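Data block below; observations after.
Each ligand, and each atom within it, is numbered from 1 in the order the structure gives. No experiment lies behind these values; they were computed from the predicted model shown.
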Amino acid sequence: MPRLTPPAITPGTQRDLPQPVLYADGLHLRPWRTSDAAVLVAAYTDPAIRRWHDRSMDRDEAVAWAASWSRRWADETGAGWAVATPDEVLGQISLRSLQHGDGRSDVSYWVLPQARGRGIATTALRTLSTWAFTTLGLHRIEVDHSVANPASCTVATRAGFRLEGTKRGDALHADGWHDMHLHARVSGDGPIS
Ligand SMILES: CC(C)(COP(=O)(O)OP(=O)(O)OC[C@H]1O[C@@H](n2cnc3c(N)ncnc32)[C@H](O)[C@@H]1OP(=O)(O)O)[C@@H](O)C(=O)NCCC(=O)NCCS
């Protein structure tokens, strides 16, 4: 059935762009490479990443996961970046569920344990959202995190994602159901203070 409202982002907009490398504060947000597989495997041995992202990753899965982002870019269903310096990967950030019709996505991020507490996730989230609003044309980006994950709450808040509410029993983790904070930015929110 035809949709009566035109899509917020014209189909083909994303696939016609090369996936950019985004730069901020000495960080590069760059496309994943097959050679990043070992870092990914190590990342998913970290208890906090395993807990909040609720998965493990072996080498074959890491190679497939890294490769999946170019397909998702071409399908316009997602976009993922390694958060890196020229020498090493420090984390990941991704638009996980792009919906061009409504101009919306949620975002996922983690930072390797040895790189935490330096503002890397906050910088990555600010940088990615600026690109997504101004170049891709997204209207709304959401961050969901468990109320038991205050570090993620700090990241979202500092990156200008207002707290909109608490979703009760919204995510099932290994230790049971978690209430989740919903944070969001919309394109009209203006610059981050
Ligand atoms: C959440 C996470 C991405 C933050 O990455 P980061 O690069 O360390 O984040 P930032 O440095 O930008 O900011 C984090 C802030 O939260 C604070 N913080 C860390 N642990 C905290 C805690 N238990 N309670 C409250 N604040 C906490 C940090 O101290 C820092 O604030 P500060 O600069 O005032 O010290 C990282 O901890 C992580 O990867 N955790 C595991 C995976 C995860 O939780 N992903 C998000 C799922 S929604």
Under 3.5 Å side-chain donor-acceptor pair for Tyr109 and Ser152: yes
Using heavy atoms and a strict 4.0 Å limit, residues surrounding ligand 1 turn out to be Ala48, Trp52, His53, Tyr109, Trp110, Val111, Arg116, Gly117, Arg118, Gly119, Ile120, Ala121, Thr122, Asp144, His145, Asn149, Pro150, Ala151, Ser152, Thr154, Val155, Arg158
Answer yes or no: is there an ion pair linking Arg30 with Asp36, defined by an N-O contact shorter than 4.0 Å? yes
Hydrogens and angles aside, do Gln14 and His100 bring a side-chain donor and acceptor to less than 3.5 Å of each other? yes
Does the side chain of Tyr44 pick up a donor-acceptor pair with the side chain of Trp110 at under 3.5 Å? yes
Between Leu98 and Leu95, is there a side-chain heavy-atom distance shorter than 4.5 Å? yes
Are Trp69 and Trp81 near enough that their ring centres are under 6.0 Å apart? no
